[in-house]
Amino acid sequence: MSSDEFPTERTAVVTCGLPYANGDLHIGHLRGYIGADAFSRALKTLGQRTAYVCGSDMHGTPVAVNAEKEGVDPEEFALRWHEQYSETFPKFSVEFDNYGHTHDETNTELTREIVTTLDEEGYVYEKEIKVAYDPDADQYLPDRYVEGTCPYCGSKARGDECDEGCQRHLEPGEVENPTSSITGNTAEYRERAHKFFRVSEFTDYLTEFLDGLEGTPNARNQPRQWIEDGLQDWCITRDMDWGIDYPGEGADGLVLYVWVDAPIEYIASTKQYTERVGSDAYDWEDVWKDGGDIVHVIGRDIIQHHTVFWPAMLEAAGYTAPRAVAATGFITIDGKGLSTSRNRAIWAREYLEEGFHPDLLRYYLTTTGGLQQDVDFTWEAFQEKVNGELVGTVGNFCYRSLLFAQRNYEGTPETDVSDEVEARIEGAIGEVREAVNDYSLRGIGQATTRLAQFGNEYIQRNEPWKLTDYDPEQAAQVIRDCVQLAKAIAVLFEPIAPGKAQALWEQLGEDSAVGDTGLEAALEQPPRHFDAPSELFEKLEDDRVEELTEQLEAKIDAASDDGDDDAADDAPTDADDEEAGGDADLEPLLEERISFDDFQDLDIRVGRIESAEGIEGADALARLEVDIGLETRQVVAGIKQLHDLENLPGEKCILLANMEPATLFGVESNGMILAAGEEADLLTTHGDADLGEKVR
RNA sequence: AGCGGGAUGGGAUAGCCAGGAGAUUCCGGCGGGCUCAUAACCCGCAGAUCGGUAGUUCAAAUCUACCUCCCGCUACCA
């Protein structure tokens with residue numbers, strides 16, 4: 001692992017997380033692709049030999065299942081998305097040097113080759129595991145396509161995790177009473193031999209690898225604990241038709257797990273690039289086999305794959321380890337994550353349909369917050385960025401400078417740049433170089449904004465519009481400097497805003513592509529003549545933003561309405577006693593009315609607390625036995641701190657009896673005691689209602 | 001529950017890894033200037049005990065410990 005600064009003598013590659021061929025792209029996805037694109041452009045500007053590659057992730061169960069729902073072939077299904085992605089990326093100026101997909105020949109071959117190597121090197125073994133099998137549909141059910149009962153806590157659980165109960169990770173075969181989540185059929189377990197990769201053997205290697213890994217801190221820190229807890233070997237095969245067949249012996253009907261072939265696409269896509277441009281121009285083996293600089297930009301949800309499985313695979317197969325993993329934070333709306341399935345998102349398509357230039361979003365996404373920070377998207381913040389920084393600072397400076405220059409000198413005044421301005425531009429170049437080495441996209445963008453800011457200040461301070469009359473020489477000098485600043489802005493802004501940078505470049509009378517120039521071009525003489533400029537950016541009007549905000553809010557409301565299935569508030573786990581005191585502000589009344597039928601769904605009963613005891617380890621939870629006439633229920637309630645538990649037995653209470661069971665601190669809760677407010681004022685009856693009486 | 005990230009003037013953010021005069025930038029507020037420019041731009045002012053507590057240190061937003069609250073991840077959501 002080399003830590004010398006970019007640009008290095010080596011060949012580099014920048015990748016971004018593979019889009020999964022199963023749905024539309026939204027601005028959350030775009031953040032990563034745009035970020036990696038900007039980073040790769042910046043590296044190229046620095047003079048680093050580099051390529052930006054990616055590809056669609058075609059395999060995996062969701063694609064297979066969704067294709068089947070539509071009654072099409074998985075390949076056809078995935079290719080459709082693949083093509084849509086290929087068309088969408090350029091619209092955001094995300095320009096890959098190569099964009100392949102995991103089902104293409106290059107990746108298929110390379111994946112087999114690598115897995116074969118792993119096998120030959122003794123890193124793969126076979127183990128019999130129990131796999132759920134749907135006899136009616138005649139298919140095996142991998143991972144979360146099984147539902148059943150958690151063997152530890154009795155909650156409803158998915159095949160791979162007790163997601164609603166004790167949160168435990170479940171090994172295949174552990175879930176009891178398995179059913180297919182696709183068909184609902186009862187499933188059975190069958191013994192099946194699967195292939196495992198000995199990740200556990202790489203514990204020491206990975207620890208050292210992480211110590212030297214560059215990128216964002218979360219990518220280094222998050223896996224550490226996981227490694228300390230002990231790595232489990234990794235099941236790398238699945239019982240499916242869709243995927244890359246396992247290359248070795250004795251694996252009939254098994255394909256490779258999607259996370260095996262997906263990252264290999266990084267290599268395959270690089271290889272395809274070399275095949276297209278020739279190894280003299282760019283040699284993929286220099287990168288992947290000979291210690292190149294590999295930079296992965298990913299979403300922070302897939303850190304584990306890129307900092308544990310992937311480097312272990314690379315090491316085992318004799319490939320180069322990544323130099324950096326930069327894990328982006330998420331885009332949120334109203335502080336909550338985007339959700340594809342609930343349409344809680346701003347889609348790439350929607351943004352384009354609004355007619356906004358891609359560079360606006362590129363600038364917003366790269367300069368708002370640090371890379372690893374979550375960013376809460378609002379149209380107001382977007383507007384603020386656009387109007388304040390792009391229109392007011394960058395656009396305005398360039399426009400006023402070039403307009404002045406064109407009107408008075410028909411282009412660049414014939415004199416040399418002043419030392420002050422030259423030094424300032426060199427400073428900005430330094431900022432960009434530093435930002436790249438810090439993996440700070442915001443730093444790259446801000447170098448430009450700050451330079452434009454300096455320009456505005458410089459032109460204001462020197463007032464060339466006054467000088468033209470009594471000191472024309474000095475006026476020419478000032479404008480000459482401003483034109484140079486504009487040229488530097490075009491060069492430095494290209495990674496973040498390639499379209500606008502090119503437009504500015506052309507306004508300066510340049511006829512090349514600004515993306516092909518290096519940073520040194522920022523200090524080179526601009527063309528003597530150029531035409532009248534036009535405004536680079538347009539203001540976003542308030543009413544437009546209001547409209548967009550309203551649309552977004554409506555969408556978010558709709559998204560949370562059909563979110564009834566969330567099991568989040570199944571028990572009053574929170575019993576925080578507001579020490580702030582004072583007026584507890586009441587929650588607003590819900591606008592939405594429910595039907596009488598909805599009410600009837602609640603089975604609310606009169607009960608009597610038989611016993612109450614605190615739950616060890618929990619601050620707020622108490623275990624109660626409640627007699628509701630027909631039976632006695634065990635209930636967990638968040639009232640430990642708020643009530644004297646000894647006085648509770650004998651108290652009447654009101655119990656929601658058909659609450660779905662939940663397990664808290666290992667204790668099953670079979671109902672919910674009703675209580676009012678933060679202080680958990682218990683509801684009760686005041687007459688002589690019998691136990692078990694229904695509340696209606 | 002474990003883990004990761006966050007908490008900084010009215011709002012949004014930087015700085016923290018490599019501790020050093022009470023702290024960045026943007027928006028907003030107040031006052032002024034300019035008129036080349038997209039009612040843009042420039043200057044100045046007001047405003048923060050840097051989530052809490054304790055500790056290390058001559059010195060802490062920055063390091064350590066504990067705590068509170070928010071967001072997320074936990075092996076197929078960027």
Side-chain angles (χ1 to χ4, degrees), chain A residues 16-20 22-23 25-33 35 57 59-63 142-144 160-161 163 166-169 216-219 221-226 229 232 234-235 238 257-259 262 297-305 308-309 327-332 335-341 367-370 372-374 376 378 380-381 383-385 387-389 391-393 395-405 407-408 442-443 446 449-450 453 456-461 463-466 468 479 482 535-539 576 579 617-618 664-666:
Chain A
C16 57
L18 268 39
Y20 191 60
N22 187 35
L25 298 173
H26 56 61
I27 56 166
H29 301 108
L30 251 21
R31 183 181 193 191
Y33 308 130
D57 184 5
H59 299 135
T61 321
V63 163
D143 301 326
R144 59 182 53 180
D160 54 350
E161 184 194 3
D163 55 331
C166 61
Q167 306 286 308
R168 230 178 282 245
H169 166 71
T216 49
N218 55 355
N221 297 337
Q222 213 172 312
R224 285 223 170 95
Q225 186 64 36
W226 211 42
D229 288 350
Q232 291 173 31
W234 187 38
C235 183
R238 290 293 185 273
Y257 180 44
V258 57
W259 269 108
V297 177
I298 58 170
R300 64 153 199 247
D301 54 326
I302 50 175
I303 287 175
Q304 318 285 8
H305 304 92
V308 179
F309 300 143
T328 67
F330 286 123
I331 301 293
T332 59
K336 298 278 169 58
L338 304 184
S339 164
T340 305
S341 53
T367 60
T368 306
Q372 88 171 50
Q373 240 57 280
D374 285 353
D376 199 51
T378 63
E380 284 96 340
Q383 179 195 31
E384 207 175 87
K385 279 273 179 193
N387 290 358
E389 294 169 34
V391 177
T393 305
N396 183 238
F397 169 71
C398 294
Y399 183 62
R400 70 197 293 202
S401 300
L402 298 196
L403 190 64
F404 201 104
R407 278 183 190 160
N408 291 279
R442 129 198 287 266
Q446 283 182 341
T449 319
R450 273 198 285 261
Q453 208 163 24
N456 275 323
E457 184 201 316
Y458 185 76
I459 197 170
Q460 184 74 33
R461 171 155 46 95
E463 300 183 310
W465 48 89
K466 284 184 181 165
T468 43
I479 293 307
C482 288
E535 292 150 354
L536 279 179
F537 298 99
E538 274 174 27
K539 275 192 115 175
D576 38 335
E579 54 191 282
L664 302 134
F665 283 78

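Nothing here was measured: the structure is a model prediction, and the numbers come from that model.
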Once each nucleotide of nucleotides 6-19 of chain B is scored for protein heavy atoms under 4.0 Å, what B/S/- sequence comes out, 5' to 3'? S----B-SS-----
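- Closest non-hydrogen pair, A/Arg400 versus A/Gln460, comes out as NH2-OE1, 3.9 Å.
- Taking the P atom of each, B/rA54 and B/rA59 are spaced 16 Å apart, rounded to whole Å.
- A/Glu535 comes within contact range of at least one nucleobase, with a heavy-atom separation under 4.0 Å.
- If you measure from atom CG of A/Asn218 to atom C1' of B/rC73, you get 11 Å, rounded to the nearest angstrom.
- For A/Phe537, the ring pair (Phe, Tyr, Trp, His ring centres under 6.0 Å) test picks out no residue, with sequence neighbours left out.
- Picking from B/rC76, B/rU25, B/rA37 the nucleotide with the shortest atom distance to the side chain of A/Tyr399 gives B/rA37.
- Inter-residue side-chain proximity for A/Ile479 and A/Asn408 is flagged as unmet; no heavy-atom pair is nearer than 4.5 Å.
- Consecutive Watson-Crick or G-U pairs involving RNA chain B, each under 3.5 Å on both distances, make up stems of three or more pairs at B:1-7 with B:68-74, B:10-12 with B:25-27, B:29-33 with B:41-45, B:51-55 with B:63-67.
- Within the 4.0 angstrom heavy-atom criterion, no nucleotide atom of any strand lies near A/Pro464.
- Contact annotation for A/Arg461: no contact, since no heavy-atom pair falls under 4.0 Å across all strands.
- The shortest distance between the side-chain N/O atoms of A/Arg407 and the OP1/OP2 oxygens of B/rA37 is below 4.0 Å.
- Rounded to whole Å, the separation between the P atoms of B/rA65 and B/rG6 comes to 15 Å.
- B/rA40 and B/rC34 have their C1' atoms separated by 12 Å, with the value rounded to a whole Å.
- By the 5.5 Å and 30° criteria, A/Trp465 is stacked with the base of B/rC36.
- Between A/Lys466 atom NZ and B/rC36 atom C1' there is a gap of 12 Å when expressed in whole angstrom units.
- Each of A/Leu18 and A/Ile459 was assigned the nucleotide of RNA chain B with the nearest heavy atom; the assignment lying further toward the 5' end belongs to A/Ile459.
- Among the atoms of the strands shown, none is found under 4.0 Å from any heavy atom of A/Ile479.
- Under the 3.5 Å distance criterion, the side-chain polar atoms of A/Asn22 are left unmatched by any main-chain donor or acceptor of A/Val63.
- Heavy atoms of A/Leu25 sit nowhere under 4.0 angstrom from any nucleic acid atom.
- Rounded to a whole Å, the CD atom of A/Gln460 is 13 Å from the P atom of B/rG33.
- Within 4.0 Å (heavy atoms only), A/Phe404 reaches sugar-phosphate atoms of the nucleic acid but no base atom.
- Residue A/Lys385 has no polar side-chain atom (N or O) positioned under 4.0 Å from OP1 or OP2 of B/rC26.
- Considering only the side chain of A/His26, B/rA78 comes nearest among B/rA78, B/rC26, B/rU38.
- Remark: the separation of the P atoms in B/rA23 and B/rC45 is 13 Å, to the nearest Å.
- If you check B/rA78, B/rA75, B/rC36 against the side chain of A/Gln232, the one that comes closest is B/rA75.
- Distance check on atom P: B/rA61 versus B/rG55 gives 15 Å, rounded to whole Å.
- When distances run from any side-chain atom of A/Asp301 to the nucleotides B/rA78, B/rA37, B/rC36, the shortest one goes to B/rA78.
- For A/Asn221, the side-chain atoms get nearest to B/rG5 when compared with the rest of B/rA75, B/rU35, B/rG5.
- Within 4.0 Å of A/Leu338, counting heavy atoms only, lies at least one base atom of the nucleic acid.
- Among the nucleotides B/rA78, B/rC76, B/rC41, the one closest to the side chain of A/Val258 is B/rC76.
- Nearest to the side-chain atoms of A/Pro62 among the listed nucleotides B/rC76, B/rC42, B/rC71 stands B/rC76.
- Distances from the side chain of A/Asn396 to the nucleotides B/rA37, B/rC76, B/rC71 place B/rA37 closest.
- Judged by distance alone, the side chains of A/Asp376 and A/Thr332 do bring a donor and an acceptor atom under 3.5 Å apart.
- B/rA75 has its base stacked against the ring of A/Phe309, the centroids being under 5.5 angstrom apart at an interplanar angle below 30°.
- Residue order along RNA chain B, read from the 5' end via each residue's closest nucleotide, puts A/Ile303 first among A/Ile303 and A/Thr332.
- Among the protein residues, A/Gly392 comes within range of the sugar-phosphate backbone only, with heavy atoms under 4.0 Å from sugar or phosphate atoms but none that close to a base.
- The C1' atoms of B/rU49 and B/rG9 are separated by 12 Å, rounded to the nearest whole Å.
- Across all strands, A/Glu380 comes closer than 4.0 Å to no nucleic acid atom at all (heavy-atom distances).
- Between A/Trp234 and A/Tyr257, the two ring planes are perpendicular [angle over 60°; tilted spans 30° to 60°].
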